[in-house]
Amino acid sequence: MANKGMQLLGFALSVLGLIGLIVGTILPQWKMSAYVGDNIITAIAMYQGLWMSCASQSTGQIQCKVYDSILQLDGALQATRALMIVAILFTVAGLGVASMGMKCTNCGGDDRVKKSRIAMTGGIILIVAALCSIVACGWFTSQIVRDFYNPFTPVNTKYEFGAAIFIAWAGAFLDIMGGGMLAASCPKGKPSPKYPKSSRPPSSSKEYV
């Protein structure tokens, strides 16, 4: 029963992680303009994401523009976009595999060892997906920090962390926690039957009355 509850909790955390990865990938607030320097008060806030850049005015109007060409983007942005897409696809695949091996489902047959192995495989796929998203977020984060502390970067073009990158981080950690719980469903082999040992050696002759 405890193993079944762990599988359900791991699956639920992985679903929440998938939602976090999708929301974080879609939102354009991966990095936002940093209010540094003498001109702290500004009427326009700039946001940049994986797919578009947006400008938010003090009146509340937001204008977004999708990136025109993929080849014009820097390597960090392209790698982050690719890794996040791979992480989402792997998470969907891992959830599908894990759902067939969970004890509360009828898929995968009645063999408990086989179902446990399927659930463990799904958990491993989820962990790989989480690692892809962690690498993507870490790469993008390091790029923001490096540009922020670069003395040659103009003050009006410095950015800091946006809300979307924190959502993506949360989704990655939920994904790795859920995958770890599902991967902990280690299959246990069927115990071999143990027969009681007889202390008396078998008799080779028959007793006659």
Side-chain angles (χ1 to χ4, degrees), residues 6-32 47-54 64-102 104-105 107-108 115-148 159-186:
M6 182 182 296
Q7 287 182 347
L8 290 174
L9 180 59
F11 190 84
L13 291 177
S14 299
V15 171
L16 293 176
L18 175 61
I19 296 174
L21 292 179
I22 294 175
V23 172
T25 304
I26 294 175
L27 289 179
Q29 289 89 1
W30 275 70
K31 60 180 181 179
M32 56 182 297
Y47 300 96
Q48 287 189 6
L50 303 181
W51 311 97
M52 64 184 70
S53 59
C54 298
C64 296
K65 180 183 179 183
V66 181
Y67 298 134
D68 296 330
S69 176
I70 300 178
L71 300 178
Q72 292 180 353
L73 303 177
D74 56 351
L77 184 58
Q78 294 184 21
T80 303
R81 180 189 292 187
L83 286 173
M84 291 302 295
I85 294 176
V86 171
I88 292 174
L89 294 178
F90 270 47
T91 303
V92 174
L95 288 173
V97 174
S99 63
M100 294 188 296
M102 295 176 63
C104 58
T105 60
C107 302
K115 288 178 69 68
S116 298
R117 289 176 179 173
I118 294 175
M120 184 178 64
T121 303
I124 294 174
I125 296 175
L126 289 170
I127 292 176
V128 173
L131 292 177
C132 290
S133 57
I134 289 175
V135 171
C137 296
W139 196 341
F140 201 89
T141 302
S142 64
Q143 184 72 24
I144 295 175
V145 175
R146 185 165 55 250
D147 293 339
F148 185 86
Y159 291 89
E160 58 185 2
F161 307 128
I165 196 170
F166 293 106
I167 296 176
W169 274 113
F173 283 111
L174 288 174
D175 213 1
I176 200 170
M177 289 176 59
M181 290 182 180
L182 289 169
S185 304
C186 300

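Count residues from 1 along the sequence. Computed from a predicted structure; not experimentally measured.
- The distance from atom CE of Met84 to atom OG1 of Thr80, rounded to the nearest 0.5 Å, is 8.5 Å.
- The shortest heavy-atom contact between Leu27 and Ala164 is CB-CB, 3.7 Å.
- Looking at Tyr67, its side chain does come within 3.5 Å of a backbone N or O of Gly49 through a donor-acceptor pair.
- With rounding to the nearest 0.5 Å, the separation of CE in Met181 from CG in Leu8 is 11.5 Å.
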Name the atoms and distances for all side-chain donor-acceptor pairs under 3.5 Å in residues 131-144, with sequence neighbours left out.
residue	atom	partner	partner atom	Å
Ser133	OG	Ala129	O	3.4
Ser133	OG	Ala130	O	2.7
Thr141	OG1	Cys137	O	2.6
Ser142	OG	Gly138	O	3.3
Ser142	OG	Trp139	O	2.7
Gln143	OE1	Arg146	NH2	2.5
Gln143	NE2	Asp147	OD2	3.4

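- Leu95 and Leu126 get closest at one heavy-atom pair: N-CD2, 4.0 Å.
- With rounding to the nearest 0.5 Å, the separation of CG in Leu16 from CZ in Phe11 is 11.0 Å.
- Here Ile88 contributes atom CD1 and Leu83 contributes atom CG; the two are 11.5 Å apart, rounded to the nearest 0.5 Å.
- Contact of the Lys31 side chain with the Ile165 side chain is not registered, since no non-hydrogen atoms from C-beta on lie closer than 4.5 Å.
- Counting only distance, with no hydrogens or angles, the side chain of Lys65 and the backbone of Cys54 share no donor-acceptor pair below 3.5 Å.
- Within the 4.5 Å cutoff, the side chain of Leu182 has heavy atoms near those of the Gln7 side chain.
- Distance CD/Gln48 to CE/Met32: 12.0 Å, rounded to 0.5 Å.
- The side chain to side chain donor-acceptor pair (under 3.5 Å) check on Thr91 picks up Asp175, with sequence neighbours excluded.
- Across all non-hydrogen atoms, the minimal contact from Gly24 to Trp30 is O-NE1, 2.6 Å.
- Interatomic distance, CD1 of Ile125 versus CG of Leu89, reported as 12.0 Å (0.5 Å rounding).
- Nearest heavy atoms, Ile127 versus Ala183: CD1-CB, 4.2 Å.
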